[in-house]
Protein chains: 4
Amino acid sequence: MAQETPYRKLPQQARGQQRIARLLDAAECVFAAVGYDAATTNAIAAQANTSIGSLYQFFPNKEALLTALAGRYLAELRDTLDQTLTPETTELPLADFLDCILGALGSFLGEHTSFRPLFISARHPGHTKDEVANAAYELRQEVVLRIDGLLALRAPSLAEADRLLYAQVCVDTVRGLLPLLQATPPSRRPRVIAEMKRLLLAYLAPVIG
Amino acid sequence: MAQETPYRKLPQQARGQQRIARLLDAAECVFAAVGYDAATTNAIAAQANTSIGSLYQFFPNKEALLTALAGRYLAELRDTLDQTLTPETTELPLADFLDCILGALGSFLGEHTSFRPLFISARHPGHTKDEVANAAYELRQEVVLRIDGLLALRAPSLAEADRLLYAQVCVDTVRGLLPLLQATPPSRRPRVIAEMKRLLLAYLAPVIG
Amino acid sequence: MAQETPYRKLPQQARGQQRIARLLDAAECVFAAVGYDAATTNAIAAQANTSIGSLYQFFPNKEALLTALAGRYLAELRDTLDQTLTPETTELPLADFLDCILGALGSFLGEHTSFRPLFISARHPGHTKDEVANAAYELRQEVVLRIDGLLALRAPSLAEADRLLYAQVCVDTVRGLLPLLQATPPSRRPRVIAEMKRLLLAYLAPVIG
Amino acid sequence: MAQETPYRKLPQQARGQQRIARLLDAAECVFAAVGYDAATTNAIAAQANTSIGSLYQFFPNKEALLTALAGRYLAELRDTLDQTLTPETTELPLADFLDCILGALGSFLGEHTSFRPLFISARHPGHTKDEVANAAYELRQEVVLRIDGLLALRAPSLAEADRLLYAQVCVDTVRGLLPLLQATPPSRRPRVIAEMKRLLLAYLAPVIG
DNA sequence: AATGAATGAGAATTCATTCAT
DNA sequence: AATGAATGAATTCTCATTCAT
């Protein structure tokens, strides 16, 4: 889970920091537009208003952009979760607790559109080189661990293995339903979200107090 | 849903029929090994022990291989579902009913390992050219419609729109959980499957008799 | 100028003769539609409602189709010229004589649309493999020799070399002007043809009685 | 007549400018040797001592090379015509006037051997994608317009439409005769050129003062 | 550091021609 | 003879990555 830093060199100067941020913004934009495979490093450099040479000054290869982008998402995701999922959340009734979690995730997804493919993408066993899926896995695991932590507070008597399983099932269920949510016209999305909550509530209620 | 036949020409000779099958087998194999994007038509031809020219005699391009493969899966899937999901299934208690459905899908997935990526792959809004996701969508919709049909028999009083939504939620939930199942070591898979069933049962019980 | 017969084998049976004719018709059609280079032998076979195998039964390669087609044109051209350019033509005033020649060539071109590219195409020195240009050259030479023959009757005192040069200049001039004629909207074509005649008349009058 | 610049990107570095020139030289050479259709981009890159990647860095496709080459010819042609066809030329007797024009064109053709195929090539109606013919058309039209302009000075009383037609007839006549000139052994070329002049003079004398 | 030109392996696809049936 | 499947060299073009300036 711990990974080498994807950067070729950490720039000391502020200008470099900005350039990295611009490159990541560009990568986010291009990945979101055409997908990781179809994205070209030249297009990313162009989108960032830099030269391809500069891109490779900071990132050793295309995958490093993805990794760094995932890292940035991870940091932002942690921030969001830190702010919305406090230990007090644990005290809420289960339905409200779920609302909190789904709300936090939902707003994050809403604000980081290109995060969605990363969050959704599934690992295909065998495709060892599916960088997107690997990066996605790590991001989801972060959410899983958060939820696991909250469940631990809320239902201390649960066995650790069970708790982790419940958390994973919840996250993967949400992941599975996200495309349906996307494909649904906005007017009918609340209904889908309601189903999502009902599903998770029905699943968790028997095991969580 | 029905699409133009992806074949360039339907071979009149038996030899050609076999070669098409061999090419599809090869495509299945290569797609499963490295994914659609990374798969090369040359690799597929080689895997099929044919020349690249023969491949293009029957398939106008790489996408056609995927489409044809999805078509073959669809036909086989229909067969499997026809055999395992009879109207009588409807009479079973909900838990057994779910066992049937999940069992059918599970055995199909088990026998067609490279079908899984297709079944799992999600559409990323915006990537209009994501052929895998598009093909996957059609395959899943077939399952959705089957389940919808069964639900109609089982709970005739349900509104059609609700029924379809329930079916979609179930299928996408399973889709979401499949990677978890894959990533779980075989010894612990029964537990995951049990959770899957519990999840779906808890979701459906309140709305299905 | 004499060339090997382009046919792989001269079919004894009438059926084969017909098939050859059909193939040449098809080649004419396809060459006219997309040009020699872009024409594919498969397209020609398809247009002829035959199999590619049959095509190669009669023609050893693509060039042979062109050669045979040129041969057929040559025969037809000779027929046309035989009928329209009789020795009596020689007796006419020069203007009427030119009318005859241009009329004969014009009607032939009108009836054999795909003959035009062949007639027009120029040899590019150096492109030794420009089959179209080579075939075209032979066709034009036939016309040159005819005109030369007529000039010999009409102006017996001319030196042979001069006569041939005059004939060649006339033919190449017409060849040069044909694209202009084609590009001119039909309503204005008579004007272009009139210029063509004026040009040739002004050229020949001083040297031909 | 003005067309989009065929270049993919205008190189900012001097090195790139040189490389473009080298690539165009190579294209000129290869086109001249085997013709546009048979020329391969790899051969052009090799001839230019560059990698195929560099070629595509500057030219998006093979046609762009032709277009750029035609553009270069056009610029050079304009220069040549500017220098040789001054308004004073108009004052000369018609025979000398023709000498000037043919001389200018002749020397240009002599110095740019691979320009000839471009200048000669005819549009075949229907072959919409005949890039060579299209490029050739533009080059010839430049000459036509130049001659038209000179005729306007020389014979101001001519109707514009007539003038343009005369100019076109002259250019296409020359175009038609060029292959004959090429095919003639050098020793006899002056004779052919003399005929060419006699032809044009006889054509123009009645209409131009 | 920054730029962007240079590289070339590798991808998809075509098509003339051969050959098994 | 007829059919059409099989072949594979050849072609155009891409793009991750390196390197000279």
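Each chain gets a letter, A, B and so on, in the order its sequence line appears, and its residues count up from 1. Worth knowing before you read on, the calculation uses all heavy atoms, side chains too, and leaves out hydrogens, waters and symmetry mates.
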Value in whole Å for how far the P atom of dT14(F) lies from CG of Asn42(A): 12 Å
Pairwise 5' ranking along DNA chain F for Tyr56(D) and Leu55(B), keeping only the more 5' one: Leu55(B)
Interatomic distance, Gln57(D) CD vs dA16(F) P [rounded to whole Å]: 13 Å
Rounded interatomic separation in angstrom, taking CG from Asp37(A) and P from dG10(E): 18 Å
Interatomic distance where CZ belongs to Phe58(D) and P belongs to dC13(F) [whole Å]: 17 Å
Nearest-angstrom distance from the residue atom CG of Asn61(B) to P of dT14(E): 8 Å
Atom-pair distance (CD on Gln18(B); P on dG4(F)), nearest Å: 18 Å
Whole-Å gap separating P (dT14(F)) and NZ (Lys62(A)): 15 Å
Base partner of dG10(E), which must satisfy Watson-Crick or wobble distances under 3.5 Å: dC13(F)
Side-chain heavy-atom pair Tyr73(D), Glu28(D) within 4.5 angstrom cut-off: yes
Position toward the 5' end of DNA chain F (nearest nucleotide), Ala39(D) or Arg19(C): Arg19(C)
Pairing of Asp37(C) and Lys62(C) as salt bridge, 4.0 angstrom limit: no
Electrostatic pair Arg72(C):Asp25(C) at N-O distance under 4.0 angstrom: yes
Rounded distance in Å - CZ (Phe59(D)) to C1' (dA5(E)): 14 Å
Who pairs with dA20(F) - Watson-Crick or G-U, where each distance is under 3.5 Å: dT3(E)
Sugar-phosphate, base or nothing in reach of Thr41(B), heavy atoms under 4.0 Å: base
Of Ile52(A) and Thr40(C), the one whose closest DNA chain E nucleotide lies more 5': Ile52(A)
Heavy-atom side-chain proximity of Leu55(C) to Thr50(C) below 4.5 angstrom: no
Contact under 4.0 Å: Ser54(D) side-chain N or O vs dA5(E) OP1/OP2: no
Comparing Ala38(B) and Asn49(D) on DNA chain E - which has the more 5′ nearest nucleotide: Asn49(D)
N/O (side chain, Ser51(A)) to phosphate O (OP1/OP2, dG4(E)) under 4.0 Å: no
Inter-residue atom distance Tyr36(C).OH - Leu65(C).CG, 0.5 Å rounding: 8.0 Å
